[in-house]
Amino acid sequence: MKDFALIVKMDVLPEERFSPEELQSRMQKWESWMNDIIAKDILVSRGNRLGADHKTVKHGNIVINGPYAETKEIIGGFIVIRANSVDDAVEIVKTCPSVVDGWASIEVRNLFTGND
């Protein structure tokens, strides 16, 4: 089994798109999906949602607002799961309610261990 980072990407923050009731319903679906991953014993770590207050420091101590000044994409957060392959991880992600409902995309990336 290998570890894969699932990076949640959105074009707007959920609270800017959904009513409080819709947001609560969607978060319940997310928690149910997460509980399923936990029950399958494939969750490695659960990252917290990333906040909106961010800066990037580049070589030469250049500071820019945000991770990328030219994009409107928001990294909502990440989790790390264990799967046999990237294709297996993708199949897991296909069941994620944020992908199924169309309010986020999830990038799947293997974590380099030095043994790859």
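We number each residue from 1, following the sequence as shown. Just so it is clear, the values below take in all heavy atoms, side chains as well, and ignore hydrogens, waters and symmetry mates.
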Mind checking side-chain contact (heavy atoms from CB on, under 4.5 Å) for D87 and listing every partner two or more places apart, or none if nothing turns up?
S85
Ignoring hydrogens and angles, write down the donor-acceptor pairs under 3.5 Å from the side chains of residues 92-101, residues two or more places apart or on other chains.
from: K94; atom 1: NZ; to: E91; atom 2: OE2; distance (Å): 3.0
from: T95; atom 1: OG1; to: W33; atom 2: NE1; distance (Å): 2.9
from: T95; atom 1: OG1; to: I92; atom 2: O; distance (Å): 2.6
from: D101; atom 1: OD2; to: R26; atom 2: NH1; distance (Å): 3.3
from: D101; atom 1: OD2; to: K29; atom 2: NZ; distance (Å): 3.2

Ignoring hydrogens, what is the shortest heavy-atom contact between [X] and [Y]? Give both atom names and the distance.
X   : Y    : value
A83 : A89  : CB-N, 3.8 Å
A5  : L111 : CB-CD2, 3.8 Å
V86 : F4   : N-CZ, 3.3 Å

From F78 CZ over to I106 CD1, what is the distance, rounded to the nearest 0.5 angstrom?
13.5 Å
Partners passing side chain to side chain donor-acceptor pair (under 3.5 Å) against Q24 (at least two apart in sequence or in another chain):
none
With D3, which residues qualify under side chain to side chain donor-acceptor pair (under 3.5 Å), at least two apart?
R82
Please tabulate, for side-chain N and O atoms in residues 34-45, each donor-acceptor pair with protein atoms closer than 3.5 Å (sequence neighbours left out).
from: N35; atom 1: ND2; to: E31; atom 2: O; distance (Å): 3.2
from: D36; atom 1: OD2; to: K40; atom 2: NZ; distance (Å): 3.1

